[in-house]
Amino acid sequence: MSSIDKHTLNNEVNRRRTFAIISHPDAGKTTMTEKLLLLGGAIRLAGSVKAKKSKKFATSDWMELEKQRGISVSTSVMNFEYRNVVCNLLDTPGHQDFSEDTYRTLAAADAAIMLIDAAKGVEAQTIKLFEVCKLRGIPIFTFVNKLDRESQDPLDLMHEIESVLNIATYPMNWPVSSGERFKGIIERESKCLHFFEGRNTTTETVAKIIPLSDKVQIEQCVPADLLSGALDGLEMVEMAGDAFSHEKFLKGQLSPVFFGAAMTNFGVRLFLEKFLDMSPPPSSKGSSEGKIDPFSTQFSGFIFKIQANMDPKHRDRIAFLRIVSGAYEVGLNVKVPRLNREIRLTHPQQFFAQDRSTLEKAYAGDVVGIYDPGIFAIGDSLVENGDFVFEGIPAFAPENFAVVRTTSALKRKQLLKGLVQLCQEGTVQMFVDESRAASDPILAAVGVLQFDVLLFRLKNEYNVECSLENLSFKHARWTNASIDDIARAKEQTDVVSVRDMQGCYLFLFKNDFSLSYFQEKCPYIRLFSSNSSL
Ligand code: G4P
């Protein structure tokens, strides 16, 4: 039992905000992360986040893969305090092939910031990640970035967000032109112009704030045609746009939209201030025993990510735990219901990108890293009292399938061990075709680069050199059909059925045609593209 009193617990949980940034690669996620960390005083120099990444590439052989590919594979957690609020910013990989990692990370977030490039609008990866946020029903903030570059018309952007993503929007501010003629943003609430004076990429300049009623100053700063263009746009929004509804916002049905240019530090502080006013504290989470209240004094949490070899010298495995309720103190004993086993949390770690420090106390909403001696799986619950488990973390339908083979028969056992552990970590998904005894497990991935990571890690961590044989499947769909119905469907079509590591059934299809043929032939079978709906 924790020694932390209820009053302290309530205060600490209430002042936590745990969120992730989602975006299509290149929209400015790294830049935005860095500016938020600068505002929170967690770093002092712009460029630190990128510099930190490249330094680690040079020293870590695991990160070697990222270096070769020039992309970020791992997800980390960054903490900073702003206005007495503890912010846990969950970083997600930018490359779409690692979106499974991002999906899992979103399971640990209470809110998301959707970053959109003002010139490109809603892009493919934004749509996929947005869908996951919607599935979870978490509040989504939108930040339209890069206004200092030639951008789309803001009304068109609003329309695109609403029609493509099917979410209502409420612009909190409105841009005055873009690119070379960008003059800043008009804040709707205060009716003030935040004047964009120029580019400053390193330190923060405080924008000049001019009330729209101060006609003299406004005229000095903004050419009349740009001002009237922006005011016309705003009027349209006031007349035809949605009214703000806090309830809809909390359910993820309405997104407040902010404009800015993260690289030039413009609009970021204004955004952060509003974000902290509006975003919710840690929310309750569904479990086998109903909703678990974050303010409960009993500690509980779940593992949403496992990362091996963060420190190549120690070859360790770290499980990232999102605390759902209560507080953690050094030496807390918890139970892992899946394993029916007690463990003592001795040295949980707090992370700042790849750096870590040992943690004395942590509260609901926080994310901590715990040493994993190879026992945890993604989605595991850790509870101080009781036997309940949290709702699982969804897996999404893979589109790439393969088997791996090793030339050395002596290494088969080692290969299997590696595969099981790496699949528990979520590197790829593993399916078994039970109709063919002793056949190799089928490996499946959302993005093909996941296979590269798998081969790289099998060689470096398990000393098994493997080759990959691609299989010609294109789609996988989960089903909750009975065994009899599955057998009937297999008789009617040439579909392949497999089971995942949780024992759930899936069908594998070679192409779009075989999927729609199956749906036509076997209307009694329901198919799901995520296991969350089973
Ligand atoms: P990502 O993590 O989402 O992939 O994007 P990242 O922050 O790396 O930004 C992608 C590129 O967009 C970077 O340029 C970055 O400087 C630029 N960028 C981000 N925000 C803004 C903005 O508000 N205005 C403008 N004009 N550019 C922005 P790069 O040339 O690819 O990299 P770098 O040489 O600047 O590091």
Side-chain angles (χ1 to χ4, degrees), residues 19-39 43 45-57 66-67 69-78 89-99 101-102 105-106 112-130 141-152 154 157 173 175-185 194-205 207 257-272 353-354 447 449:
F19 58 98
I21 305 179
I22 57 165
S23 70
H24 192 86
D26 253 16
K29 185 156 62 65
T30 312
T31 311
M32 184 67 166
T33 302
E34 187 166 279
K35 301 305 177 194
L36 293 175
L37 296 178
L38 274 169
L39 285 176
I43 54 171
L45 263 186
S48 306
V49 176
K50 281 185 184 172
K52 194 179 277 287
K53 273 189 194 165
S54 38
K55 193 163 136 249
K56 287 292 168 186
F57 289 165
E66 295 192 334
K67 187 177 138 198
R69 296 280 185 183
I71 50 175
S72 168
V73 182
S74 57
T75 307
S76 46
V77 184
M78 287 163 270
L89 169 53
L90 306 171
D91 190 19
T92 53
H95 196 284
Q96 60 189 25
D97 274 18
F98 299 106
S99 45
D101 209 357
T102 306
T105 299
L106 286 172
I113 301 170
M114 174 168 73
L115 213 66
I116 288 180
D117 183 320
K120 296 183 180 154
V122 178
E123 296 177 87
Q125 188 64 0
T126 328
I127 301 175
K128 279 194 181 174
L129 296 172
F130 173 85
F141 292 80
T142 303
F143 188 89
V144 180
N145 192 27
K146 305 195 189 182
L147 261 293
D148 60 320
R149 287 205 187 147
E150 227 39 66
S151 310
Q152 289 187 40
L157 275 167
N173 51 46
V176 182
S177 193
S178 69
E180 287 297 319
R181 306 192 78 198
F182 182 49
K183 293 295 168 207
I185 48 184
H194 289 240
F195 180 49
F196 179 69
E197 288 181 273
R199 282 143 229 279
N200 182 351
T201 56
T202 45
T203 52
E204 200 211 358
T205 41
V257 181
F258 299 78
F259 291 85
M263 195 184 75
T264 66
N265 269 315
F266 187 80
V268 182
R269 185 185 287 273
L270 190 66
F271 168 74
L272 181 59
Q354 301 290 327
L449 286 181

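As the structure is a computational prediction, the values presented were derived from the model and not from experiment. Note that ligands are numbered from 1 as they come in the structure, with each ligand's atoms numbered from 1 the same way. One is the number of the first residue; the rest follow in order along the sequence.
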Considering only heavy atoms of [X], which atoms of ligand 1 have at least one such atom less than 4.0 Å away?
X	answer
D26	1 (P), 3 (O), 4 (O), 5 (O), 10 (C), 12 (O)
A27	3 (O)
K29	1 (P), 2 (O), 3 (O), 5 (O), 7 (O)
G28	1 (P), 3 (O), 5 (O), 6 (P), 7 (O), 9 (O), 19 (C)

Given that the side chain starts at C-beta and the backbone is N, CA, C, O, which of these parts of [X] lies under 4.0 Å from ligand 1, counting heavy atoms, or is it both or neither?
X	result
L115	neither
A261	both
R149	side chain

Check: [Y] and [X] side chains under 4.5 Å, non-hydrogen atoms:
X	Y	answer
N173	H194	no
I113	F271	yes
H24	D117	no
D148	F196	yes

>> Tell me the nearest of P25, A262, A119 to atom 23 (O) of ligand 1, using heavy-atom distances.
In response: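 It is A262 that holds the nearest heavy atom.
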> Looking only at non-hydrogen atoms, which of V144, L147, N265, D148 approaches atom 25 (C) of ligand 1 most closely?
Replying inline: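 It is D148 whose heavy atom sits nearest to atom 25 (C) of ligand 1.
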>> Looking at every heavy atom in both P175 and L147, which two are closest together, and how far apart are they?
In response: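 For P175 versus L147, the nearest heavy atoms are CB-CD1, 3.7 Å.
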>> If I compare all heavy atoms of A261 with all of F143, which pair ends up nearest, and what's the gap?
In response: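 In this case the closest contact between A261 and F143 is N-CZ, 4.2 Å.
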> Can you find an N/O atom of M263 closer than 3.5 Å to an N/O atom of ligand 1?
Replying inline: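 N/O-N/O distance below 3.5 Å exists for this pair.
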> If you measure every N/O of T30 against every N/O of ligand 1, is any gap under 3.5 Å?
Replying inline: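 By distance alone, the answer is yes.
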>> For the aromatic rings, using the six-membered ring if either is Trp, is the centroid distance between F182 and F266 under 6.0 Å?
In response: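 Yes.
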> At what distance, to the nearest 0.5 angstrom, does NZ of K120 lie from CG of L157?
Replying inline: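 Spacing of NZ (K120) from CG (L157) equals 13.5 Å.
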